[in-house]
Amino acid sequence: MTLSRRNLLAGAAGSAALATTVARADDPAITELPDWSVYLGDGVDAAPYGVPSEYEADAIRRDVPWLTADPVSSVNFTPLHKLEGIITPNGLCFERHHSGVAQIDPTEHRLMINGLVDKPLVFTMEDIRRFPRENRIYFLECAANTGMEWRGAQLNGCQFTHGMVHCVQYTGVPLRYLLEEAGVRTNAKWIMPEGADASAMTRSIPLEKALDDCMVAFAMNGEALRPEQGYPLRIVVPGWEGNMWVKWLRRIEVGDEPWHHREETSKYTDLLESGKARRFTWEMDVKSVITNPSPQAPITHGKGHTVLSGIAWSGRGTVERVDVSIDGGRNWTTARIDGPSHTKALHRFYHEFDWDGSPLLLQSRAIDSEGWVQPTKDALRAMRGTESIYHNNSIQTWHVRKGGEVENVEVG
Amino acid sequence: MSKWAEPGVAALVIIALATPAFAEGYGLGRPATDAEIAAWDIDIRPDGQGLPEGQGTPLEGEEIYAGQCAVCHGDFGEGVDRWPILVGGFDTLTEDRPVKTIGSYWPFASTVWDYVHRAMPFGEAQSLSDDEVYAIVAYLLYMNDIIEDEEAVLSRETFADVEMPNADGFIPDDRPDMATLQQGEPCMRDCTDAPLKVIMRARVLDVTPEGE
């Protein structure tokens with residue numbers, strides 16, 4: 001399937017024809033025996049590690065080649081429009097790395113803790129698995145998610161506008177245990193995780209956050225971390241921007257000052273209209289997006305009962321409420337949140353309505369447990385200008401046309 | 001540890017050791033050796049902590065840059081294709097299309113040393129000697145008019161003299177800067193005077209990749 005307008009229109013027309021001419025004929029899907037009802041399928045030895053149905057080949061990560069100079073230092077996007085619930089499958093979690101995916105032999109991986117500690121320590125992966133473990137569900141959002149939309153509607157698909165987010169269950173060890181093992185000195189105020197890949201990624205994290213809810217994780221969604229997510233070990237920094245969740249974690253230094261490294265000065269600082277830039281902008285603000293319908297997931301069933309679905313999240317707590325508008329933000333209805341509500345995790349919301357077939361301007365507006373309300377694009381731009389790149393949590397608008405085709409637009 | 005010398009509290013300590021997260025720890029991991037720490041502890045801070053012995057000049061750096069850096073960053077730091085621009089962009093931070101370079105944006109020269117050493121050249125990280133890194137950093141600062149003398153020696157001793165033009169260009173995070181329920185419930189009915197219209201569409205730009 002392609003995303004072109006021509007194909008989407010053809011698809012919509014085909015659905016209409018089915019509804020009017022074929023619907024009363026006997027359905028060959030029922031009256032004729034398909035092969036799978038007659039012949040034997042694969043045995044249990046055919047797929048030692050299972051993969052999705054071949055009919056789900058469209059549920060894949062995609063990249064935007066013009067965004068970056070080289071795919072080795074680039075990003076791809078989670079296909080949010082193909083997903084349900086709050087958990088992202090491991091193979092569909094977006095990737096962002098700076099020097100490619102390191103392929104690390106876990107028996108040769110070490111984690112060092114040094115700096116302002118009583119005892120600089122080295123841990124093997126086996127050592128780390130001997131600490132008490134915890135399981136926690138958290139979203140991870142790149143600070144640049146929706147960053148291409150500051151100046152206006154640009155990319156046509158929630159995969160591209162909002163797909164630098166995923167949410168999985170992490171299994172790991174509270175970072176606090178490791179730091180206590182090394183003995184943090186009283187003058188320590190910061191930690192600096194560092195990756196073992198060829199970019200040796202570093203970020204400065206306040207010690208208070210490290211001792212609060214950070215983890216070192218070795219598993220996601222019940223299995224070992226995927227290589228592109230930091231196998232064998234990554235740091236989990238709940239609610240804070242994804243760049244800080246250093247993958248292939250090999251070292252944590254403890255210090256009394258931040259390091260002001262490249263990824264917290266040249267990058268991941270937010271330039272305002274004044275010419276000054278905010279730095280250390282760690283928390284991800286409350287945000288939501290409608291994933292269905294959306295440009296890659298048009299309405300193909302025609303008018304009638306319609307299920308609108310989306311995701312919402314906040315780095316400051318849980319999502320308390322999501323409002324949905326079908327008229328561009330003029331009138332709002334509170335959506336139904338279904339499924340678990342974990343702090344700093346994705347939430348799934350639904351709004352079911354009877355579509356009369358007329359054009360729609362769909363929006364969603366999330367409110368988190370701290371009371372923060374997701375802002376409009378105009379409100380955010382009025383405060384920050386258009387050059388922040390990062391932390392664009394504004395309300396997204398999808399334009400649904402009569403035929404069910406959907407486009408990324410701005411309204412005014 | 002003095003508490004071990006107190007016979008009266010020994011029993012309490014033993015009980016506490018069996019409790020998770022007790023401050024005495026789990027006895028896991030082993031001490032890192034000095035050589036191991038030296039091998040991995042490569043980070044540099046703005047106050048100069050971590051800078052090694054060594055030195056380099058812009059003139060020396062020019063030749064290394066031409067061989068190691070220019071293929072991506074351009075002969076004059078102008079950036080090839082979409083690789084980062086390293087030079088210029090002064091006084092553009094309030095303009096419509098700001099150009100954020102080492103000269104126009106980076107607040108600390110130590111960041112350049114740290115990053116070049118840990119991650120460059122792209123695909124051959126940590127292959128440059130300390131002298132080569134000093135020389136490349138000196139040349140980058142020279143191209144940005146931050147060091148004026150092409151024979152100026154950049155070293156651990158002279159590093160603190162470097163003044164970055166945008167050192168005062170950063171402010172702390174003052175978010176959240178958006179509406180809160182404490183200011184009142186968001187509007188639910190008739191929130192605009194007239195029905196809203198589409199004023200911008202993604203399809204006009206046509207930059208979305210075609211899906212397969």
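So you know, we letter chains A, B, ... as the sequences are listed, proteins then strands, and number each from 1. Just so it is clear, the structure is predicted and the values come from calculations on it, not from any experiment.
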Tell me, side chain or backbone of [X] under 4.5 Å from chain B's heavy atoms, or both, or neither?
X        : value
A:Leu179 : neither
A:Arg151 : both
A:Pro258 : backbone
A:Glu370 : backbone
A:Arg321 : side chain
A:Ala277 : both
A:His98  : backbone
A:Leu121 : both
A:Met192 : side chain
A:Met383 : side chain
A:Ile367 : side chain

#### Entry: chain A contact via B:Trp40 - which portion, at a heavy-atom distance below 4.5 Å
both

Using a 4.5 angstrom heavy-atom cutoff, name the option from [options] with the most pairs to chain A.
options                                : value
B:Gly79, B:Cys187, B:Pro172            : B:Cys187
B:Glu36, B:Arg97, B:Lys100             : B:Arg97
B:Pro84, B:Ser110, B:Ala179            : B:Ala179
B:Pro31, B:Pro176, B:Pro107            : B:Pro176
B:Ile42, B:Asn166, B:Thr101            : B:Ile42
B:Gln126, B:Met178, B:Gln183, B:Gln182 : B:Met178

### Message
If the threshold is 4.0 Å, N to carboxylate O, is there a salt bridge linking A:Glu283 and B:Arg175?
### Response
no

### Query
Any Lys/Arg nitrogen of B:Arg45 or A:Glu257 sitting under 4.0 Å from an Asp/Glu carboxylate oxygen of the other?
no

For chain B, the option from [options] that forms the most heavy-atom pairs under 4.5 Å:
options                                : value
A:Ala198, A:Ser266, A:Gly275           : A:Ser266
A:Arg250, A:Arg110, A:Glu126, A:Glu253 : A:Arg250
A:Leu271, A:Thr333, A:Thr334, A:Val64  : A:Leu271
A:Asp270, A:Asp323, A:Thr386           : A:Asp323
A:Val72, A:Asp368, A:Leu67, A:Asp63    : A:Leu67
A:Val122, A:Thr68, A:Asn114, A:Thr265  : A:Val122

So for atom [atom1], which belongs to [X], do other residues, nucleotides or ligands contribute more than 12 heavy atoms lying within a distance under 6.0 Å?
X        : atom1 : result
B:Asp168 : CG    : no
B:Asp193 : CG    : no
B:Asp161 : CG    : yes
B:Asp177 : CG    : yes
A:Arg130 : CZ    : no

### Query
Can any side-chain N or O of A:Tyr390 pair as donor or acceptor with the backbone N or O of A:Tyr268 at less than 3.5 Å?
yes

### Backbone N/O of B:Gln49 and side chain of B:Asp47: donor-acceptor pair under 3.5 Å
yes

Where does the angle between the aromatic ring planes of [X] and [Y] fall among parallel (under 30°), tilted (30 to 60°) and perpendicular (over 60°)?
X        : Y        : result
B:Tyr26  : A:Tyr177 : tilted
A:Phe123 : A:Phe131 : perpendicular
A:His260 : B:Phe108 : tilted

### Message
Could you go through A:Arg401 and A:Glu407, starting from their C-alpha distance and side-chain angles, then the distance that decides it, and tell me whether this counts as salt bridge (charged side-chain N to carboxylate O under 4.0 Å, His left out)?
### Response
CA-CA 8 Å; A:Arg401 293 168 187 250; A:Glu407 187 183 6; 3.2 Å; yes

### Short side-chain donor-acceptor distance under 3.5 Å, A:Ser369 and A:Glu320
no

### Query
Taking the side chain as C-beta and beyond, is there a heavy-atom pair between A:Trp398 and A:Leu360 under 4.5 Å?
no

### Task
Step through it carefully: locate the ring centre of B:Tyr65, locate the ring centre of B:Phe76, and say whether they are under 6.0 Å apart.
no

### Task
Mind checking the CD1-CG spacing from A:Ile252 to A:Leu178? Nearest 0.5 Å is all I need.
6.5 Å

### Residues in salt bridge (Lys or Arg N to Asp or Glu O under 4.0 Å) contact with A:Asp197, at least two apart in sequence or another chain
none

### Query
Which residues in residues 114-124 of chain B have any heavy atom lying under 4.5 Å from a heavy atom of chain A?
B:Asp114, B:Tyr115, B:Arg118, B:Ala119, B:Phe122

